[in-house]
Amino acid sequence: MAADITAEMFLKAFNRVGGDSSAAARAVTNYKTLSGWRASQIAQAAAVGAAAMAIPVAHIATLAADFAVLLRKMAVCAWGIGYKLGAEVEAEEDLAIILGLWSGAVERDALSVTAAASGGAAGLIALNAAYPTFAQAVMTQVLTQGGHTVVTAVAGKVAGKGGGKMAAKLTKPLLQMKAHAIALKFSLMLGSKAVTGIVPFLGAVAGGAINAHFVNKFADAAETYYRAKLAYPGGPAGDVRVPV
């Protein structure tokens, strides 16, 4: 079906979006509150969804572009939440984890990286020492629990090359492990658009509503992630408060 998003398609789209959070950093400064930022991004996503579904039948040809734009909008919204909360934003790494949380491919328990380390998960403590940021610690935990071979491979390189000087390379294996589940979430959304878009007017309404729902839920996942990041011992200290 034209609305299917494969794991390969998702990974290609992610690679186009994943590394640049500069637009979010600039745009979020125009909003006084976190809730205002979220509302603006949801409204923009809804407008994109409605426009993509405005012409019945022809909307099928726009679904792939709609997916790409929606992924970008979700990313910008999430990164803006991180900036607004005062967290360190690691664009590609953060987005990979938030996508996992939003889709259900990554459990929220994965954000409790300190507890996992004290429980002695294989290789986790050594890797957290080598990759001390919150995003890297979460990815390490997910990969370790999933039995991914990158954990052993990276641990060996860390031992031989001095740990912290080595750049983290965990985003790619994490996404490869979880890409199918994330792509399925998008496919279900696009499938519903393909059906409702056949009906005049209803298609545009549904397209806007579906996009708004996706971005709203993604914003929830992003806020959960960045609040956990702020509480991580290796990250910014203190209870950061913003007007809501």
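Quick note: numbers below take in every heavy atom, side chains included, and nothing from hydrogens, waters or symmetry partners. The structure displayed is predicted, hence computed values, not measured ones.
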Legend entry - Heavy-atom side-chain contact between Val48 and Lys73 under 4.5 Å: no
Legend entry - Polar contact flag, side-chain donor to acceptor under 3.5 angstrom, Thr133-Glu90: yes
Inset, instruction - Search all heavy atoms of Gly18 against all heavy atoms of Leu95 and return the closest pair with its distance. - result: CA-CD2, 4.0 Å
Legend entry - Distance, nearest 0.5 Å, that separates CG of Leu70 from CZ of Phe186: 5.5 Å
Inset, instruction - Hey, could you give me the CD1/CE distance between Ile97 and Met139, rounded to the nearest 0.5 Å? - result: 4.0 Å
Inset, instruction - Go through the steps to decide whether Asn216 and Arg38 satisfy the test side chain to side chain contact (heavy atoms under 4.5 Å, CB included), and finish with yes or no. - result: CA-CA 8 Å; Asn216 184 49; Arg38 285 185 54 154; 2.9 Å; yes
Inset, instruction - First locate atom CD of Glu107, then atom OG of Ser112, and finally report the distance between them rounded to the nearest 0.5 Å. - result: 11.5 Å
Inset, instruction - Please work out whether the ring planes of Tyr225 and Phe134 are parallel, tilted or perpendicular, with thresholds of 30° and 60°. - result: tilted
Legend entry - Separation between CG of Asp220 and CD1 of Ile81, rounded to the nearest 0.5 Å: 8.0 Å
Inset, instruction - Would you check if Leu99 and Leu71 make a side-chain contact, meaning some heavy-atom pair closer than 4.5 Å? - result: yes
Legend entry - Salt-bridge contact Glu93-Lys229 (side-chain N to carboxylate O under 4.0 Å): no
Legend entry - Smallest separation among heavy atoms of Ser21 and Tyr83, with atom names: OG-OH, 2.9 Å
Inset, instruction - Any chance you could measure Lys84, atom NZ, to Thr33, atom OG1, to the nearest 0.5 Å? - result: 7.0 Å
Inset, instruction - May I ask you to decide if the ring planes of Trp102 and Phe218 are parallel, tilted or perpendicular, using 30° and 60° as cut-offs? - result: perpendicular
Inset, instruction - Taking all heavy atoms of Ala181 and all of Ser103, pick out the closest pair and write down the distance. - result: O-CB, 4.4 Å
Inset, instruction - Considering non-hydrogen atoms only, spot the tightest contact between Ala87 and Leu230 and give its length. - result: CA-CD2, 3.7 Å
Inset, instruction - Return the minimal non-hydrogen interatomic distance between Cys77 and Ala219, and the atom names on each side. - result: SG-CB, 4.0 Å
Legend entry - Spacing of OG belonging to Ser35 relative to CD belonging to Glu223, to within rounding of 0.5 Å: 9.5 Å
Inset, instruction - Measure the shortest side-chain to side-chain distance between Val28 and Trp79 over non-hydrogen atoms and say whether it is less than 4.5 angstrom. - result: no
Inset, instruction - List the atom of Ile182, the atom of Gly100, and the distance in Å for their closest heavy-atom pair. - result: CD1-N, 4.1 Å
